[in-house]
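Taking it in order: structure first as structure tokens, then the write-up.
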There are 2 protein chains.
Amino acid sequence: MAKAKSALRSCPVAAFQKMISGKYKLRIVWDLKDGPRRYGEIRSGLLRGAAGSAEITPRVLSRELKALTESGLIDRRDFGVVPPKVEYRLTRKGRSFVPVISAIRDWGERHLSEPAALADAAE
Amino acid sequence: MAKAKSALRSCPVAAFQKMISGKYKLRIVWDLKDGPRRYGEIRSGLLRGAAGSAEITPRVLSRELKALTESGLIDRRDFGVVPPKVEYRLTRKGRSFVPVISAIRDWGERHLSEPAALADAAE
DNA sequence: CGGTATCCTAGTAGATACTG
DNA sequence: CAGTATCTACTAGGATACCG
């Protein structure tokens, strides 16, 4: 862990890799850009766009949310009621990260979603 | 794999995640932005910025380079001489991707490299 | 509703040794 | 020089069951 920390300091790209490692982190942040969402809403949201694949298991979602919270990208708000209500929202840091995902999305749509992406590979 | 493919089509962010999965892919592309590099040069380049951590093993580097080639981001050029000389360079697609890494780097430098990153976490 | 606790599996990266 | 072959350790992710 101490080793990983020094890697963080030396290379922002490596740090980014570490931060968004995990299948759903980027998409969670992206989903949260429109406002706070509850646990279950995030879960359903991740179903959209997954093209019929299995839904995320609670264990994994929980871990990713915790990691994002520890990264300081999102914030957890527990309403302390029964039945439970918990909302997640972007922090300032998280909001500052949205444009980066935007750039990723834009590039991905142009170069990854279309069949033309292959033709582009030549040269 | 067919499942992964449909995921690619439905979500560019997921596709991006898949494409750059691997510890070194982003950094390799970034290193290549200044021009073609030989296998060994890439390897040494990955040492810089790794903060004294172990160097990448040939097996891993080889795999990442192959994956990047199959993604169409880089291009392999074998000079067919003895001793071997192989150069890797960005394709057009790869060059179009550089600004995205730039955005990632900029953000990372502002929010991940400094100790202030933690203070930022508080909403 | 919003999680945890266990168990399991597949894939990723590292060590090490060897080759055209 | 630029890789491949083999083997091992670790971890991310999924299945399933249960809890406050």
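Throughout, a chain's letter reflects where its sequence line sits, starting with A, and its residues are numbered from 1.
With rounding to whole Å, B/R37 atom CZ is found 13 Å from D/dA2 atom P. One can place CD1 of A/I28 at 13 Å from C1' of D/dG13, the figure rounded to the nearest angstrom. A/I20 has its CD1 atom 14 Å from the C1' atom of D/dA12, to the nearest Å. Distance B/L61 CG to D/dC1 P: 14 Å, rounded to the nearest Å. Distance, B/R63 CZ to D/dT6 P: 16 Å, rounded to whole Å.
Under the salt bridge (Lys or Arg N to Asp or Glu O under 4.0 Å) criterion, A/R43 pairs with A/E55, sequence neighbours left out.
Residue A/K85 is the one, among B/G22 and A/K85, whose nearest nucleotide of DNA chain C lies closer to the 5' end (criterion: closest heavy atom).
For the pair A/R95 and A/L90, the tightest heavy-atom approach, listed with the atom from each and the gap, is NH1-O, 3.3 Å. The shortest non-hydrogen separation linking A/Q17 to B/G22 is NE2-O, 3.1 Å. Shortest non-hydrogen contact noted between A/V100 and B/A103 is CG2-O, 4.2 Å. For B/L26 against B/I101, the heavy-atom pair with the smallest separation is O-CD1, 3.7 Å. A pairwise comparison of heavy atoms in A/P99 and A/S96 identifies CD-O, 3.3 Å as the closest pair. Residues A/P12 and B/R105 share a closest heavy-atom pair of CB-O, 4.0 Å.
As judged by a 4.0 angstrom heavy-atom cut-off over every strand, B/E87 is placed among residues making no nucleic acid contact. A/K66 comes within 4.0 angstrom of the backbone, heavy atoms only, and of no base. Nucleic acid contact for A/Y24: sugar-phosphate only, since backbone atoms but no base atoms lie under 4.0 Å from a heavy atom of the residue. Using a 4.0 Å heavy-atom criterion, one finds that A/E41 contacts no nucleic acid atom at all.
The side-chain heavy atoms of A/D31 and A/L46, taken from C-beta on, include a pair separated by under 4.5 Å.
Within the structure, every side-chain polar atom (N or O) of B/R43 is placed at least 4.0 Å from both OP1 and OP2 of D/dA2. In this model, the phosphate group of D/dG3 is approached by a side-chain N or O of B/R76 to a distance below 4.0 Å at OP1 or OP2.
Contacts classified as side chain to side chain donor-acceptor pair (under 3.5 Å) and involving residues 76-88 of chain B (residues at least two apart or in different chains) are given here: B/R76-B/D78.
First and last contacts of DNA chain C with chain A, using any nucleotide atom under 4.0 Å from a protein heavy atom and ordered 5' to 3', fall at C/dC1 to C/dC7.
Taking the six-membered ring for Trp and the full ring otherwise, the centers of B/F16 and A/W107 sit at least 6.0 Å from each other.
Rounded to 10 degrees, the angle separating the terminal helix axes of the helix from C/dC1-D/dG20 to C/dG20-D/dC1, each built from five base pairs, is 60°.
Separation of atoms CG (B/L32) and OG1 (B/T91) is listed at 10.0 Å; rounding is to 0.5 Å.
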Quick test: give all pairs of protein nitrogen or oxygen and nucleotides 15-20 of chain D nitrogen or oxygen below 3.5 Å, distance rounded to 0.1 Å.
none

Show every donor-acceptor pair shorter than 3.5 Å between a side-chain atom in residues 58-68 of chain B and any protein atom, with sequence neighbours excluded, or say none if there are none.
unit_1 : atom_1 : unit_2 : atom_2 : d
B/E64  : OE1    : B/Y24  : N      : 2.9
B/E64  : OE1    : B/K25  : N      : 3.2

